[in-house]
Amino acid sequence: MDRNKEKERKIDELIENAGTGTKIPVSPFFKDRVLDVLFTKEEVIPTANGWFTLQLQLWTLGLILCMNVLGFYQITKMNYDEQLDQFAASYQWVEEEPLSNLK
């Protein structure tokens with residue numbers, strides 16, 4: 001019986017203290033830390049759903065590199081006279097005889 005009376009007394013004491021609203025001194029740093037833990041929101045990392053995805057970027061890079069390598073190969077394969085004749089022919093500046101045959 002004494003145990004029941006003791007429990008009832010503690011419960012009554014708790015109810016009385018809860019209603020008074022006494023302020024408990026707490027460090028502001030501890031309070032901020034506890035509130036941060038309770039009310040943290042996860043950061044949402046935006047995903048790029050654009051049309052220029054990573055895979056497309058890699059394919060574009062590969063295509064540009066291949067075009068540069070082929071262009072460099074063509075430039076080193078030709079000599080200056082052939083390039084000049086080809087340039088003149090593309091703009092229809094070619095006379096009856098090629099420019100490389102001029103003396």
Side-chain angles (χ1 to χ4, degrees):
M1 275 278 210
D2 289 335
R3 289 176 58 182
N4 286 339
K5 286 185 180 182
E6 183 68 26
K7 283 183 183 180
E8 286 180 19
R9 187 184 62 77
K10 286 184 178 180
I11 291 173
D12 291 338
E13 186 179 311
L14 180 65
I15 291 173
E16 287 176 14
N17 288 336
T20 60
T22 58
K23 186 174 181 180
I24 300 172
V26 177
S27 169
F29 300 110
F30 176 74
K31 182 179 177 182
D32 287 340
R33 194 173 27 184
V34 169
L35 290 176
D36 285 343
V37 169
L38 290 176
F39 299 110
T40 56
K41 293 183 180 178
E42 292 184 19
E43 286 188 31
V44 178
I45 299 172
T47 58
N49 292 332
W51 63 273
F52 200 53
T53 60
L54 180 62
Q55 186 176 10
L56 184 59
Q57 289 176 13
L58 292 175
W59 278 103
T60 305
L61 179 66
L63 180 66
I64 290 172
L65 287 175
C66 289
M67 289 175 57
N68 285 334
V69 167
L70 289 173
F72 184 73
Y73 175 72
Q74 288 290 353
I75 287 173
T76 57
K77 190 172 90 171
M78 289 185 175
N79 62 16
Y80 178 74
D81 291 333
E82 289 176 3
Q83 288 179 358
L84 190 59
D85 288 338
Q86 184 182 7
F87 177 75
S90 67
Y91 287 102
Q92 299 173 353
W93 290 342
V94 177
E95 299 174 6
E96 292 180 9
E97 59 186 61
L99 296 174
S100 59
N101 292 339
L102 294 177
K103 294 181 182 177

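We number each residue from 1, following the sequence as shown.
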How about CZ on Phe52, more than 12 heavy atoms from neighbouring residues, nucleotides or ligands closer than 6.0 Å, or not?
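Count over threshold, so yes.
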So for atom CD, which belongs to Gln57, do other residues, nucleotides or ligands contribute more than 12 heavy atoms lying within a distance under 6.0 Å?
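For Gln57, atom CD is crowded (more than 12 foreign heavy atoms under 6.0 Å).
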Pairing of Arg9 and Glu6 as salt bridge, 4.0 angstrom limit:
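Between Glu6 and Arg9 there is a salt bridge, with a charged N closer than 4.0 Å to a carboxylate O.
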Cluster question for you: counting only ILVMFWY and a side-chain heavy-atom cut-off of under 4.5 Å, with indirect links fine, are Leu61 and Leu54 together?
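No, Leu61 does not connect to Leu54 through the hydrophobic network.
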Side-chain donor-acceptor contacts of residues 63-79 below 3.5 Å, not counting sequence neighbours, with atom names and distances?
unit_1: Asn68; atom_1: ND2; unit_2: Ile64; atom_2: O; d: 3.4
unit_1: Thr76; atom_1: OG1; unit_2: Phe72; atom_2: O; d: 3.1
unit_1: Thr76; atom_1: OG1; unit_2: Tyr73; atom_2: O; d: 3.0
unit_1: Asn79; atom_1: OD1; unit_2: Asp81; atom_2: N; d: 3.4
unit_1: Asn79; atom_1: OD1; unit_2: Glu82; atom_2: N; d: 2.9

